[in-house]
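See structure below.
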Amino acid sequence: LMEVWGIIVAAGMGRRFGSLKQHVELGGVPIWQRARDSLRAGGADQVVLVGDVEGGIAGGERRRDSVAAGLAQVPAGVDYVLVHDAARPNASNRLVEQVVARLCRSDVDGVVPAVPVRDTLKEVSGETVVGTRDRSDLVAVQTPQGFRRAALQYAHSTFEGDASDDASMVEATGGKVVWIDGDPRNLKLTYPDDLRVLEGLL
């Protein structure tokens, strides 16, 4: 039986939000708790919390450092790891199940949920628009992202510099990452106004 562990990243400083996001409540429940519960309900055998939350371990300076801290808590025999942002409290159990199901087919190193880009994308230089990007082959990526534990470990030990997500590190170190349909309601809490949108979706 394949064992799946989850890592919840709840150690961010919330600079754009204006305060520590992980303590924000949605429907009376802290967002980190919602994120943890969705991983558990979706198939994670155990969940490691990283950040200043109940039962959490200390995070690192960067997001990737916090993920590495969580990864260090995952036993060596675990086959698969899910990495999820506490700032995405609306991820459904079903979405987690779909990531796990695709991952457990064992033919890829990583699985990311993603949604098509809706807006026209412009390339800019200062205030000047210098080009328009074709969006037909672009998607916006969400979490939870799932990985073969060995591939994620290898990426963290060999990739240098920073990365906005773990999938980009696995890609850069030779791993095969595929995407599945994400959920438009799986929004990230980045700015204060996002909380009102998430509450409406709830």
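Because the structure is predicted, anything quoted here is derived from the model rather than measured.
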Minimum heavy-atom separation for [X] and [Y], please, with both atom names.
X	Y	value
Pro89	Arg34	O-CB, 3.7 Å
Met169	Thr173	O-OG1, 2.8 Å
Cys104	Val4	SG-CG2, 4.4 Å
Pro144	Leu39	CB-CD2, 4.0 Å
Ser168	Ser164	OG-N, 4.3 Å
Ile31	Ala86	CD1-O, 3.5 Å

Between [X] and [Y], is there a donor-acceptor pair closer than 3.5 Å when you use the side chain of the first and the backbone of the second?
X	Y	result
Asp79	Met2	no
Arg36	Val48	no
Gln142	Val112	no
Arg64	Gly161	yes
Asp183	Arg185	yes
Asn186	Thr143	yes
Ser125	Thr128	no
Arg149	Pro75	yes
Glu25	Pro30	no

>> Show, in sequence, the C-alpha distance, side-chain angles and deciding distance for Val130 and Val124, and conclude whether the side chain to side chain contact (heavy atoms under 4.5 Å, CB included) test is met.
In response: CA-CA 5 Å; Val130 294; Val124 298; 5.6 Å; no
>> Would a single hydrophobic cluster contain both Ile57 and Val78, if residues Ile, Leu, Val, Met, Phe, Trp and Tyr are joined by side-chain heavy-atom contacts under 4.5 Å?
In response: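 Val78 and Ile57: one cluster.
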> Transitively linked via ILVMFWY side-chain contacts under 4.5 Å: Leu195 with Leu201?
Replying inline: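 Yes.
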> Is there a side chain to side chain donor-acceptor pair (under 3.5 Å) between Asp165 and Gln145 once you walk through the steps?
Replying inline: CA-CA 9 Å; Asp165 72 352; Gln145 300 182 352; 2.9 Å; yes
With a 4.5 Å cut-off on side-chain heavy atoms, are [Y] and [X] touching?
X	Y	result
Arg88	Leu189	no
Phe147	Val170	yes
Val83	Leu71	no
His156	Val67	yes
Leu82	Val99	yes
Glu123	Val129	no

>> Assess the residue pair Val141 and Val115 against the criterion (side chain to side chain contact (heavy atoms under 4.5 Å, CB included)); give the C-alpha distance rounded to whole Å, side-chain angles, the decisive distance to 0.1 Å, and a yes or no.
In response: CA-CA 7 Å; Val141 173; Val115 293; over 6 Å; no
> Going by the side-chain hydrogen bond (donor to acceptor under 3.5 Å, both in side chains) test, which pairs reach into residues 96-111, not counting sequence neighbours?
Replying inline: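 Matches after skipping sequence neighbours: Tyr80-Ser106, Arg102-Asp107, Asp109-Arg148.
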> Could you go step by step and tell me if Val111 and Val177 meet the side chain to side chain contact (heavy atoms under 4.5 Å, CB included) rule?
Replying inline: CA-CA 6 Å; Val111 178; Val177 178; over 6 Å; no
> Is atom CZ of Phe159 surrounded by more than 12 heavy atoms (other residues, nucleotides or ligands) closer than 6.0 Å?
Replying inline: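 Yes, the 6.0 Å shell around CZ holds more than 12 heavy atoms from other groups.
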> Taking only residues two or more places apart in sequence or in another chain, which ones pass salt bridge (Lys or Arg N to Asp or Glu O under 4.0 Å) with Arg63?
Replying inline: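 If we apply the salt bridge (Lys or Arg N to Asp or Glu O under 4.0 Å) test to Arg63, skipping adjacent residues, the hits are Asp85, Asp166.
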>> If the threshold is 4.0 Å, N to carboxylate O, is there a salt bridge linking Asp65 and Arg62?
In response: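 Salt bridge flag = yes for Arg62 with Asp65.
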>> Could you go through Ile7 and Val50, starting from their C-alpha distance and side-chain angles, then the distance that decides it, and tell me whether this counts as side chain to side chain contact (heavy atoms under 4.5 Å, CB included)?
In response: CA-CA 7 Å; Ile7 298 169; Val50 184; 4.0 Å; yes
>> The criterion is side chain to side chain contact (heavy atoms under 4.5 Å, CB included); which residues satisfy it with Thr120, sequence neighbours excluded?
In response: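 Expected list: Lys122, Thr132, Arg135.
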